Amino acid sequence: SAGSLQFIHKYHVFQQNVQRHETMNLFSSNFWNESGSAVYGINQFSDMSPEVFRATYLGSRSVQLPKYTLFSKNAKKLP
Amino acid sequence: LPPKFDWRDKNVVTPVRNQESCGGCWAFSVVESIESSCAIKGRQLELLSAQEVIDCSYRDAGCKGGSPINALIWLNQSKAKLVKESVYPFNAKTGLCRYFSRSALGVSITGFKAYSFRYNEDVMMEKLLEWGPLVAVVDAVSWQDYLGGIIQHHCSQGQSNHAVVITGYDATGDTPYWIVRNSWGTKWGVDGYVYIKMGKNVCGIADSVAVAFV
């Protein structure tokens, strides 16, 4: 509810996120004048700190994989 | 190669899902790849259980995270039958693994491939057409704020943290891009999808790529 500690915290996080959106959008339009560049703004994750977002939604670990080469392509044809 | 291609146009891609507050993107990406592989092989397109992979892939940590490659290794070694979503529905929590008998209706994979296509995205285009939708592990930190358009910056390589599925590409415009399916619901991005610039390994899109075969 409005005025609660949680509300104040989330509102503060939201304001910081909005500032970040502006920086990201400015960077894309000012530094690179590229066509179709991504737009950043308010969505369902905007009241979430980057740390919480990362911990909640980014749950994949990476594994080092071999580079695909022509050899990999031929290898599958071997008996 | 065609200048534009999307497996969605072939009706072999299931609707975008929502992983909610469960860090199970790794399981969703693998299951979505298998769903498409089945449909490409001529079977009916149907939702398979991501919850089964979340609960049962013992090399991973369920909703606390995992790796698509580990899930594929488990599916391939165990030949576990992936049942329908309706049989083993998603509940956004890691639970006890439910086992199904070998006679149960479901899909088991016959194998998988996993490679890095870094600096080789042209070949990756070819493989997308040959193999079907591709699982990719990317850096998605900046995706928290994404609304639409083609991601070309604010994304790093070599720091992958999120698993997605590449369903197509579009190289007809000034900025060629990959069409990438996410699992954060349809309200996020472009109806649940995100576009990533091709050719520069943006977000590490080509670093860790896999596909399952049925």
Side-chain angles (χ1 to χ4, degrees), chain A residues 6 10 12-79, chain B residues 19 21-26 29 60-61 63-70 113-120 123-124 127 137-154 158-163 173-175 177 184-185 187-189 194-195 197 204 207-210:
Chain A
Q6 194 191 14
K10 289 225 166 198
H12 181 63
V13 167
F14 174 78
Q15 284 178 315
Q16 285 180 329
N17 287 348
V18 169
Q19 277 181 0
R20 188 179 63 242
H21 302 159
E22 285 174 10
T23 312
M24 289 167 88
N25 287 328
L26 208 67
F27 218 62
S28 301
S29 56
N30 283 2
F31 287 79
W32 303 283
N33 194 14
E34 292 153 330
S35 66
S37 210
V39 178
Y40 301 92
I42 297 166
N43 64 14
Q44 67 266 49
F45 302 128
S46 296
D47 65 349
M48 204 177 267
S49 73
E51 294 75 28
V52 172
F53 173 77
R54 205 178 296 199
T56 312
Y57 293 96
L58 307 182
S60 189
R61 299 186 211 108
S62 65
V63 174
Q64 200 74 20
L65 294 175
K67 271 199 84 165
Y68 185 88
T69 61
L70 205 59
F71 174 74
S72 336
K73 196 176 167 184
N74 293 335
K76 72 176 184 186
K77 290 178 186 162
L78 294 173
Chain B
Q19 67 182 73
S21 55
C22 166
C25 55
W26 56 277
S29 61
D60 299 296
C63 284
K64 288 188 175 163
S67 152
I69 308 300
N70 283 345
K113 287 188 187 294
Y115 291 109
S116 164
F117 287 93
R118 186 181 260 211
Y119 311 124
N120 222 352
V123 180
M124 199 164 115
K127 295 302 161 192
V137 187
V138 295
D139 166 36
V141 170
S142 67
W143 295 15
Q144 177 179 1
D145 309 310
Y146 177 77
L147 295 182
I150 306 165
I151 294 183
Q152 308 179 42
H153 309 285
H154 310 306
Q159 294 184 29
S160 306
N161 43 46
H162 184 52
D174 291 342
T175 309
Y177 59 88
W184 295 343
K187 286 181 182 167
W188 180 86
V194 50
Y195 303 143
K197 185 181 179 175
D207 277 339
S208 182
V209 175

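Lettering of chains follows the sequences in order, A, B, ..., and the numbering in each one begins at 1. Predicted, not measured: the structure shown is a model, and the values here were computed from it. Side-chain atoms are counted along with the backbone in the values below, which use heavy atoms only and exclude waters and symmetry mates.
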Among [options], which residue forms the greatest number of heavy-atom pairs with chain A at distances under 4.5 Å?
options	value
C25(B), G66(B), S21(B)	G66(B)
G173(B), G24(B), S160(B)	S160(B)
S116(B), G149(B), G23(B), P68(B)	S116(B)

[X] and [Y]: which non-hydrogen atoms are nearest, and at how many Å?
X	Y	value
N43(A)	L147(B)	CB-CD2, 4.1 Å
Q44(A)	W188(B)	NE2-CB, 3.3 Å
G59(A)	W26(B)	O-CD1, 3.6 Å
Q19(B)	Y57(A)	NE2-O, 3.4 Å
L65(A)	Y115(B)	CD1-O, 3.6 Å
S67(B)	V63(A)	OG-CG2, 3.3 Å

Does any backbone or side-chain atom of [X] lie under 4.5 Å from a heavy atom of chain A? Answer side chain, backbone, both or neither.
X	result
S142(B)	both
V141(B)	both
I151(B)	both
Q144(B)	both
C63(B)	neither
A210(B)	neither
V209(B)	backbone

(Q) Please verify the inter-ring angle class for Y146(B) with Y40(A); under 30° counts as parallel, over 60° as perpendicular, anything in between as tilted. (A)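 Y146(B) vs Y40(A) ring planes: perpendicular.
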Q) With a 4.5 angstrom heavy-atom cut-off, which part of F53(A) approaches chain B: side chain, backbone, both or neither? A) side chain
Q: Give, as side chain, backbone, both or neither, the part of R61(A) having an atom under 4.5 angstrom from any heavy atom of chain B.
A: both
Q: Sequence neighbours left out, what passes salt bridge (charged side-chain N to carboxylate O under 4.0 Å, His left out) with D207(B)? Give chain and number order.
A: R118(B)
Q) Considering residues, nucleotides and ligands other than R20(A), do more than 12 of their heavy atoms fall under 6.0 Å from its CZ? A) yes
Q) Atom NZ of K197(B) and atom OG of S37(A): how far apart are they, to the nearest 0.5 Å? A) 8.5 Å
(Q) As an exercise, state the distance from CG of N120(B) to NZ of K67(A), rounded to the nearest 0.5 Å. (A)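 Answer for the CG-NZ pair, N120(B) versus K67(A), is 6.0 Å.
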Q: Examine W184(B) together with F45(A) and report whether their ring centres are nearer than 6.0 Å.
A: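 They qualify: ring centres under 6.0 Å apart.
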